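The structure displayed is predicted, hence computed values, not measured ones. Atom set for the values below is all heavy atoms of this structure, side chains included, hydrogens, waters and symmetry mates excluded. Protein chains get the first letters and strands the later ones, always in sequence-line order, with residue 1 at the start of each.
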There are 2 protein chains.
Amino acid sequence: MTRAETSPSSSNDKPKRPVSIRGVAEHAGVSIATVSRVLNSPELVSPSTAERVQRAVRELGYRPNLFAKSLLTRRSRVIGVSLPDIHGEFYAELMHNADRRACERGYHLLVSSNAHHPDDGPQNGFALDLVDGLIVMLTERVRVDLDAIAGLDIPVTVIGVDPPGMPVETIICDNTIGAARATEHLLVATPPERCFFVGAHVGNLDSDQRATAFASVLRGRGHEPDPRQIAHGEFSFEWGWEWAMERCDEGTLAGSAVLAANDEIAVGIVNAARQRGLDIPRDLRIVGFDDSRICSLLRPELSSVRVPVDEMAREAVDALIRSLEEPGSTPRHIRLATSLVVRDSSRTAPENP
Amino acid sequence: MTRAETSPSSSNDKPKRPVSIRGVAEHAGVSIATVSRVLNSPELVSPSTAERVQRAVRELGYRPNLFAKSLLTRRSRVIGVSLPDIHGEFYAELMHNADRRACERGYHLLVSSNAHHPDDGPQNGFALDLVDGLIVMLTERVRVDLDAIAGLDIPVTVIGVDPPGMPVETIICDNTIGAARATEHLLVATPPERCFFVGAHVGNLDSDQRATAFASVLRGRGHEPDPRQIAHGEFSFEWGWEWAMERCDEGTLAGSAVLAANDEIAVGIVNAARQRGLDIPRDLRIVGFDDSRICSLLRPELSSVRVPVDEMAREAVDALIRSLEEPGSTPRHIRLATSLVVRDSSRTAPENP
DNA sequence: ATACACGATGAAAACGTTTACGAAACACCG
DNA sequence: CGGTGTTTCGTAAACGTTTTCATCGTGTAT
């Protein structure tokens with residue numbers, strides 16, 4: 001601080017711009033156009049000069065300026081990923097697979113968890129101008145999101161909902177199949193009036209679809225589900241615990257079966273039930289949703305409906321890149337299936353001899 | 001398809017470039033310099049023309065081209081995040097908090113899980129030229145990573161290791177404190193020769209530090225730890241299970257206490273021990289590491305050493321932005337503490353009356 | 001009146017690329 | 001030897017900004 005004045009011609013704060021294509025051109029004794037051609041379409045340049053230019057590039061450690069390049073080509077090879085949230089391993093897995101695929105195809109991922117939040121700060125508009133396209137994951141039935149997306153002038157892939165009449169690629173996972181299979185599985189040993197669905201709040205797309213499938217199967221068995229058989233809360237351990245405790249206190253939990261809207265809710269229910277002395281699966285059979293890693297870490301292992309998060313991520317990236325590289329192609333709508341994974345928490349005696 | 005020729009002057013496949021600053025200037029009857037000034041330093045322009053320009057911007061829906069801007073300013077307001085992996089909720093939490101902070105400060109996150117992998121594809125070099133700075137998380141004691149980072153000509157913040165003599169900001173979490181506290185906690189009711197550390201592979205920075213702290217506390221109690229008291233495997237449920245099963249078969253697990261290098265290993269041990277009829281914490285006391293959400297979802301709840309992942313993420317972003325916006329400032333080295341969270345899995349009778 | 005500072009604005013030069021266009025060199029064919 | 005392609009390469013014009021410098025009034029002090 002006190003000796004800030006010393007060494008006025010200090011050598012360390014030189015800006016030192018990186019070498020540009022011009023430097024390479026001079027060093028190799030060619031024009032900048034030739035350098036550009038060597039880098040982008042080598043077949044247009046003679047082998048001897050190409051070799052000379054490549055040596056110059058190597059010796060000078062030249063790396064092209066991507067901003068200048070993008071300014072001209074209008075491509076950044078960056079795709080934006082907008083998630084409703086980044087909590088929990090579900091999103092970690094989603095991003096892991098998306099990143100992997102994007103990397104394979106020479107793209108990069110710009111992630112943000114709040115690109116479509118109400119408090120739309122200036123930084124969000126900023127990101128939109130930087131990316132070639134956008135992958136948006138939607139979980140709530142809110143129309144405003146779709147309007148905002150429709151206003152975008154870049155390719156978009158939507159995960160989680162298939163809005164009719166929107167010219168975007170969509171990836172959805174068919175909650176119906178898995179939820180229906182799970183419900184049928186529960187009905188094998190439990191009467192319909194003792195089956196429950198414990199979901200998140202009304203308006204959450206996944207939870208609602210799962211609830212609908214659950215109710216539909218019950219109706220198929222000639223049982224119109226009582227409203228109390230379908231509970232709404234949130235995707236949390238605490239909600240599962242709370243719900244189960246109330247049922248226990250009413251004495252209505254023993255001998256029933258539960259399909260939870262995600263694994264965390266299921267774990268809450270399991271813990272509460274055992275706290276009250278119920279045995280899983282003897283007194284309470286339960287199936288979760290997502291088939292997260294925790295399922296096989298629990299005792300008893302938790303049955304769950306598998307959501308193909310890895311495929312969803314890969315398909316989303318592929319779909320976006322397709323609409324990026326083949327503009328004008330009609331958007332596809334991909335539907336991935338969910339499937340039931342039966343483990344100990346829902347097994348009946350005859351199923352596990 | 002068959003009627004592709006119709007309507008030769010079809011209006012839909014027009015490239016339609018977005019309006020540029022020039023369009024705004026013409027529409028407002030000013031020069032492009034004035035438009036730029038209105039947008040970047042409004043105090044330099046008279047209120048009346050500023051208002052006129054802003055109206056033109058609004059009417060035309062103008063958004064500045066970030067590539068052109070970055071080309072000139074050499075700033076993209078994007079920071080790269082290079083993680084060793086994106087599995088599990090630890091990284092989800094890290095990214096969630098990093099994204100949140102970056103967004104608050106007007107930056108965006110470009111993530112990649114493989115930026116420093118051996119198969120260094122062209123896309124990685126690509127990303128480096130796009131970001132203003134880089135946050136790198138290191139977990140392995142491999143020197144080559146550091147060399148590669150030193151060769152970068154952009155600001156870097158390193159998470160996880162504090163390499164001496166490198167002019168970068170560093171964020172490390174002090175595994176020592178938490179591991180030592182946990183070991184002391186175990187020693188309260190278990191003799192030193194019955195305490196075990198179950199770690200990941202040798203060379204993993206966190207696991208090794210935790211092991212060293214464990215051994216150090218034992219030595220402080222006058223007990224030189226037997227090599228068999230410190231086991232090496234990997235950060236997985238399966239490794240914990242396997243280790244515990246072997247100890248059970250030897251008959252050496254009952255009556256002992258374990259510090260696991262992460263929560264997943266701990267869960268594996270807990271499950272194996274219970275499978276063999278041991279009661280937690282009566283027959284086996286155990287403490288995990290990371291204090292992940294699963295700790296409070298288990299029964300008994302798992303004691304664990306809390307790693308301040310949220311703070312790490314925020315500090316990393318802040319540190320990088322600092323070295324971005326105040327170049328020449330001497331890099332800081334931030335050390336965050338870990339702390340023991342005692343739950344049921346390690347409680348002794350007197351501690352829980 | 002002259003000089004001068006000052007606030008508001010425009011003209012033009014960058015920034016580092018890609019690419020259309022054209023010129024030179026060369027081969028081939030008549 | 002003159003036309004005609006075909007490579008190969010350089011010139012120069014974009015791309016959309018920011019920023020320096022100059023210009024032009026306008027008000028104020030001499």
- Should A:E311 and A:R314 count as an ion pair when the cut-off is N to O under 4.0 Å? no

- Is there a donor in the side chain of B:S76 and an acceptor in the side chain of B:D132, or the other way round, less than 3.5 Å apart? yes

- Query: Of all the nucleotides listed (C:dG10, D:dG16, D:dG10), which has the minimum atom distance to the side chain of B:V30?
  - Reply: C:dG10

- Contact state string [nucleotides 17-28 of chain C, B base, S sugar-phosphate only, - no protein heavy atom under 4.0 Å]: BBB---------

- Item | Distance, rounded to the nearest Å, where A:D129 contributes CG and D:dT17 contributes C1' | 13 Å

- Item | Separation of D:dT7 C1' from A:E43 CD (nearest whole Å) | 13 Å

- Query: In chain order, what residues pass the side chain to side chain donor-acceptor pair (under 3.5 Å) check against B:S323, with sequence neighbours excluded?
  - Reply: none

- Integer-rounded Å distance: D:dT8 C1' and A:R52 CZ: 12 Å

- Query: Between A:D85 and A:S113, does any side-chain donor sit less than 3.5 Å from a side-chain acceptor?
  - Reply: no

- Indicate whether the side chain of A:H333 and that of A:E169 have a donor and an acceptor atom separated by less than 3.5 Å. no

- Query: Roughly how far, to the nearest 0.5 Å, is CZ of A:R75 from CZ of B:F67?
  - Reply: 10.5 Å

- side chain to side chain contact (heavy atoms under 4.5 Å, CB included) evaluation trace for B:Y91 with B:M137: CA-CA 10 Å; B:Y91 291 108; B:M137 176 152 182; 4.0 Å; yes

- Task: Using a cut-off of strictly less than 4.0 Å, decide whether B:R74 has a side-chain nitrogen or oxygen near OP1 or OP2 of D:dT18.
- Result: no

- Message: Could you check whether any side-chain N or O of A:R77 sits under 3.5 Å from a backbone N or O of A:R105, counting only pairs where one atom can act as donor and the other as acceptor?
- Response: yes

- Query: Taking CG from A:L60 and P from C:dG16, how many angstroms apart are they, rounded to a whole number?
  - Reply: 14 Å

- Could you tell me whether the side chain of B:I79 reaches within less than 4.5 Å of the side chain of B:L324, counting heavy atoms only? yes

- Query: Rounded to whole angstrom units, what separation is found between the CG atom of B:L44 and the C1' atom of C:dG10?
  - Reply: 14 Å

- Item | End-to-end axis angle, where each axis spans five pairs of the helix from C:dA1-D:dT30 to C:dG30-D:dC1, to 10° | 60°

- Give one of base, sugar-phosphate or nothing for A:S70, where a contact means two heavy atoms less than 4.0 Å apart. nothing

- Note on the structure: note: B:R17, atom CZ; D:dA14, atom P; distance rounded to Å ~ 11 Å

- How many Å lie between CZ on A:F67 and C1' on D:dG16, as a whole number? 14 Å

- Item | Interatomic distance where CG belongs to B:L66 and C1' belongs to C:dC15 [whole Å] | 16 Å

